[in-house]
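A quick write-up on the structure given underneath.
Note on naming: letters A, B, ... go to the chains in the order of the sequence lines (proteins, then strands), and numbering restarts at 1 for each one.
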Protein chains: 2
Amino acid sequence: MSHTLGVRQAQKQKTRQALLDAALGLLEDQSLSSLGLREVTRAVGVAPTAFYRHFCSTAELGVALVEEALGSLHETITTMLTTTGSNEERLGQTVELIARLVRTHPSHVRFIARERHGGVQQVRDAIGGQLARFTEEVAEGLAADPVSAGWSRDDLRMLAWHYVEHMVMTASVFLETPPERMDAAIDLATRQLRLVNLGRAHWLD
Amino acid sequence: MSHTLGVRQAQKQKTRQALLDAALGLLEDQSLSSLGLREVTRAVGVAPTAFYRHFCSTAELGVALVEEALGSLHETITTMLTTTGSNEERLGQTVELIARLVRTHPSHVRFIARERHGGVQQVRDAIGGQLARFTEEVAEGLAADPVSAGWSRDDLRMLAWHYVEHMVMTASVFLETPPERMDAAIDLATRQLRLVNLGRAHWLD
DNA sequence: CAGTTGGGATTACAACCGTTCACTGACTTC
DNA sequence: GAAGTCAGTGAACGGTTGTAATCCCAACTG
């Protein structure tokens, strides 16, 4: 399937990736709506006009970044869903996975948290759409769990959405937490998740 | 206490407020880090240099907006805390209060949601600090509730933080919800709150 | 190997930006 | 009522922005 690309295409994708990486770096202390095209090309060391060979606007670049960033988040979620063990074990592993995601892809997490409600509608919609798909996926995973017997489809989606939202929130909190306070932050997130799990266990009472 | 201000001071505060209002309007479809000072003064109909009489940068204007926006949110929270009734009643009233807040101050809600993780650190910190104070306040309110007997101080803060976070999240969801889907959104938020309340009821098991 | 393609460089432009400085004139103070 | 204060003005500055037109040359195609 994946045919070897010509030298030309390879080079193009290389600079395209360089643009994405540079943009992600610049977005650590500003938001997308203030990111200039010249700024990005300057960081890569390429002429301003070269930008147009890959994206027609910074908004489009933002959408591309969404796909990249939510890719790593998607991985994390699928890992969570396939994890087995007791409820309390899975809980700790889930939080640990979030912490690992923040450690390995901090700029992805920052980008998502920042642009989820950011100033560029195209990007907001892209993130919202992807998160909705994740929710559906999590809901399916939850449905497979015997704990969910008797749950309505709608209630499962409600729970899944709560999980996804809590995950993004937790990740952005971890991002701003200095290493020495990380233990406390992990503990807090774990207890919050335990709280929700408790509510889940008694939902059908 | 509140001495009648001179004509001069009154005029100054009037244009200051005009700047804040104009900025809030412009921030509906962009983020603070891309908001230009000229843009704001142009919207007010005032010379660019007049901006400096009130703020030394757009970041400082952002911090002022935080205080204004979180003022209305604070009102909502105190109303919530003083509401009485059964748990299920208070739950519905809480969600209704959030919906009302979004209806009456949509741009405030949008501003908070957008800049909470936005590109201007000064503003992020201001919002984070205020939300932390709200959390403390809510925790105190929760402690007064007989349901919280036996809860540790730390667990109460955890719960309070979860409530506050969920409130901001819910408000920003309501903001993007078209009127015809509002009922479903309110129902969803209510069930999520019920889920957490259920977890709360069984926390000490 | 001749011809075409297309990623990137160069140059140029008009529009806009934040900031400075000196200035005006209505309000305040004594 | 004279002197002083200060919110807002207007012009000018150096710098940056997005974008268009044109060119270059290495990589493709037949």
Whole angstroms only, please: what is the CD-P distance between B:Gln11 and C:dA26?
13 Å

In whole angstrom, give the distance that lies between atom CG of A:Leu35 and atom P of D:dT17.
10 Å

What's the NZ-P distance between A:Lys14 and C:dG7, to the nearest Å?
16 Å

Would you call the rings of B:Phe55 and B:Phe51 parallel, tilted or perpendicular, taking 30° and 60° as the class edges?
tilted

Check whether any side-chain N or O of A:Thr15 sits under 4.0 Å from OP1 or OP2 of C:dG8, and answer yes or no.
yes

Minimum-distance nucleotide to A:Glu39 side chain [options: D:dT19, D:dT17, C:dG18]
D:dT17

Indicate yes or no: does A:Arg90 engage A:Asp145 in a salt bridge with an N to O separation below 4.0 Å.
yes

What's A:Arg42 touching, base or sugar-phosphate or nothing? Going by heavy atoms closer than 4.0 Å.
sugar-phosphate

Output the rounded distance in Å from CZ (B:Arg53) to P (C:dC23).
15 Å

Can you tell me the distance, in whole Å, between the CD atom of A:Glu60 and the P atom of D:dT19?
12 Å

Applying a 4.0 Å non-hydrogen cut-off, can you work out what B:Tyr52 is touching in the nucleic acid: base, sugar-phosphate, or nothing?
base

For the backbone of B:Val123 and the side chain of B:Arg116, can you confirm whether one donor and one acceptor N or O come within less than 3.5 Å of each other?
no

Would you state whether a donor and an acceptor, one from the side chain of A:Arg38 and one from the base of D:dG18, lie under 3.5 Å apart?
yes

Rounding to an integer number of Å, can you tell me how far B:Leu37 CG sits from C:dT19 C1'?
9 Å

Worked check of side-chain hydrogen bond (donor to acceptor under 3.5 Å, both in side chains) between B:His108 and B:Ser72
CA-CA 8 Å; B:His108 282 175; B:Ser72 58; 3.2 Å; yes

Atom-to-atom span, CZ of A:Phe51 to C1' of D:dT17 - whole angstrom:
13 Å

Answer yes when B:Glu115 and B:Arg124 have at least one side-chain N-carboxylate O distance shorter than 4.0 Å, and no when they do not.
no

Heavy atoms from C-beta onward define the side chain here; which of C:dG8, D:dG18, C:dA9 lies closest to that of A:Thr49?
C:dA9

Between D:dA26 atom P and A:Arg8 atom CZ, what is the distance in whole Å?
11 Å

